[in-house]
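Remember, it's 1-based here, ligands and their atoms both numbered in the order they're listed.
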Amino acid sequence: MASSLPKKNFSSSKDHTDDLEWTKDINTNSFLTEERRLRSSKQCSVKNPTTNQMSQKRLNKFNILVNQMTPEQLDEELKKRQLSTSGEIEIRRFRLKHYYKCELISGGENPLKMIEQHFEYIAVVDFEATCEEKGDNSYQHEIIEFPIVLINVQQQIIVDKFHSYCRPIIKPILSKFCTELTGIEQHQVDNAPPFVEVLHNVETWLNERNLFSSLNKRTLAFATDGPWDFAKFLQMQCHLSSIDYPRWAKEWINIRKEFAKFYPVRRCGIEKMLNNLGLSFDGRRHSGIADAINIARITLELMKDGCVLLFNDDIHASDPQFAALNEKKTEYNKNTDEENDLIVFED
Ligand code: AMP
Ligand code: MG
């Protein structure tokens with residue numbers, strides 16, 4: 001432990017808020033690489049309760065210590081471990097604690113690099129749709145922008161993008177409100193293919209990159225900010241276009257949900273998530289492609305901090321009103337999270 005850290009009589013502490021259930025945590029333990037798992041099993045067997053208790057105690061002590069660090073001490077400790085010093089103080093404290101937890105579990109240096117992600121690629125989608133200023137829940141939104149930002153998970157970089165506008169059929173003229181909100185101009189949708197054609201182009205684009213391997217279900221996952229893109233806009237659009245809902249969009253990674261589960265923050269929109277990470281929104285807010293790039297930036301930060309991204313949302317877990325658009329019988333409210341994703345617009 002670094003000499004710059006405050007000294008503390010740990011035994012007198014009553015603070016157990018950071019007690020951890022580290023052996024149960026899916027977000028690290030089960031995703032260690034094989035090499036690390038072997039090392040870990042020799043050094044810190046999860047079957048050994050004494051070792052577990054010792055590790056738990058060490059971690060509790062470390063967490064208390066981190067809570068007491070000044071911002072300068074915290075950043076010094078982060079730098080020593082080549083971790084980012086960017087972001088709100090609570091995020092930075094969490095980053096250090098999480099790193100130490102991974103270190104204890106894996107029993108080695110550079111533990112975050114040894115965590116295995118589940119998917120090879122993550123495709124971030126952010127639809128823009130027709131809208132009215134006072135449109136209610138029955139408003140028939142049509143998708144007018146379809147962007148995809150493709151992340152190579154192992155390389156932790158954006159490797160490709162798909163972008164197309166879509167021509168709305170039911171209400172072909174965009175409202176002034178919609179153009180002001182999204183920045184999408186009438187001529188851009190007038191010159192675009194209708195949604196069904198764009199969807200076909202998307203699937204061709206994904207196929208050309210071998211991202212639809214039926215053999216390997218771990219090749220690609222889609223990610224969105226919240227449940228609305230797929231549960232509301234895509235489902236509504238498929239209903240309006242009289243086409244089947246795509247199989248590949250039945251489950252996805254809800255980044256907003258994962259962000260609030262991983263970091264000690266409340267669920268919030270793209271801009272606030274970026275601010276929490278010490279970043280600012282790049283480009284025009286409510287432009288589909290800019291939103292998708294910014295969601296991708298958040299996704300990359302989550303992975304760099306050691307968050308293992310898995311499916312955490314699906315078409316049945318979202319609002320019954322939209323699930324009902326699906327002709328199949330659906331099980332509602334499978335979402336057990338305390339905070340439900342209401343189908344409302346929120347930043
Ligand atoms: P966003 O991804 O936040 O840019 O929003 C996606 C779509 O939701 C937009 O293209 C609009 O159709 C709709 N939307 C977002 N915010 C509002 C709002 N304040 N009022 C009406 N519709 C909105
Ligand atoms: Mg958007």
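- Between Glu77 and Lys80, at least one side-chain nitrogen of the basic residue sits less than 4.0 Å from a carboxylate oxygen of the acidic one, meeting the salt-bridge criterion.
- Every atom of ligand 1 with a heavy atom of Glu128 under 4.0 Å away is listed here by number and element: 1 (P), 2 (O), 4 (O), 5 (O), 6 (C), 7 (C), 9 (C), 10 (O).
- Here Leu181 has side-chain heavy atoms under 4.0 Å from ligand 1, and that is the only part of it that gets that close.
- At a threshold of 4.0 Å, the pair Asp291-Arg285 counts as salt-bridged, since one of the basic side-chain nitrogens sits closer than that to a carboxylate oxygen.
- Near Asp291, with a cut-off below 4.0 Å to any heavy atom, the atoms of ligand 1 are 1 (P), 2 (O), 4 (O).
- Contact annotation: for Trp228 versus ligand 1, there are no heavy atoms closer than 4.0 Å.
- Distances from the Mg ion (ligand 2) under 2.8 Å pick out these protein N/O/S atoms: Asp126 OD2, Glu128 OE2, Asp291 OD2.
- Here His98 and Phe262 bring their ring centres to under 6.0 angstrom of each other.
- Using bins of under 30°, 30° to 60° and over 60° for the plane-to-plane angle, the ring pair Trp252/Phe230 lands in the perpendicular bin.
- When each of Phe195, Trp228, Phe233 is tested with His141 by the rule ring pair (Phe, Tyr, Trp, His ring centres under 6.0 Å), just one qualifies, namely Phe233.
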Audit row: Leu150, Leu211, side chain to side chain contact (heavy atoms under 4.5 Å, CB included) steps and yes/no: CA-CA 10 Å; Leu150 188 66; Leu211 294 172; 3.8 Å; yes
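- If you number the atoms of ligand 1 from 1 as listed, the ones under 4.0 Å from a heavy atom of Phe127 come out as 2 (O), 6 (C).
- Ranked by closest heavy atom to atom 12 (O) of ligand 1, the top entry among Gly226, Ala290, Ala129 is Ala129.
- Look at Asp225 and Arg256 and you find a salt bridge, because one of the NZ, NE, NH1 or NH2 atoms lies within 4.0 Å of a carboxylate O, short of that distance.
- Checked against a 3.5 angstrom limit, the closest N/O atoms of Glu133 and ligand 1 fall outside it.
- Ligand-side atoms of ligand 1 in range of Phe177: 18 (C), 20 (N), 21 (C), range being under 4.0 angstrom from any heavy atom.
- Within 6.0 Å of atom CG in Asp244, 12 or fewer heavy atoms from other residues, nucleotides or ligands are found, so the atom counts as exposed in its surroundings.
- The distance from ligand 1 to the heavy atoms of Asp126 drops below 4.0 Å at these ligand atoms: 2 (O).
- Near Thr182, with a cut-off below 4.0 Å to any heavy atom, the atoms of ligand 1 are 10 (O).
- Counting heavy-atom neighbours within 6.0 Å of Glu203 CD, excluding the residue itself, gives a total above 12.
- Atoms of ligand 1 lying under 4.0 Å from any heavy atom of Thr130, numbered from 1 in the order shown and given with element: 12 (O).
- Scored by the salt bridge (Lys or Arg N to Asp or Glu O under 4.0 Å) test, Lys176 finds Glu180 as partners (sequence neighbours excluded).
- Ion pairing between Arg297 and Glu301 fails under the 4.0 Å rule for side-chain N and carboxylate O.
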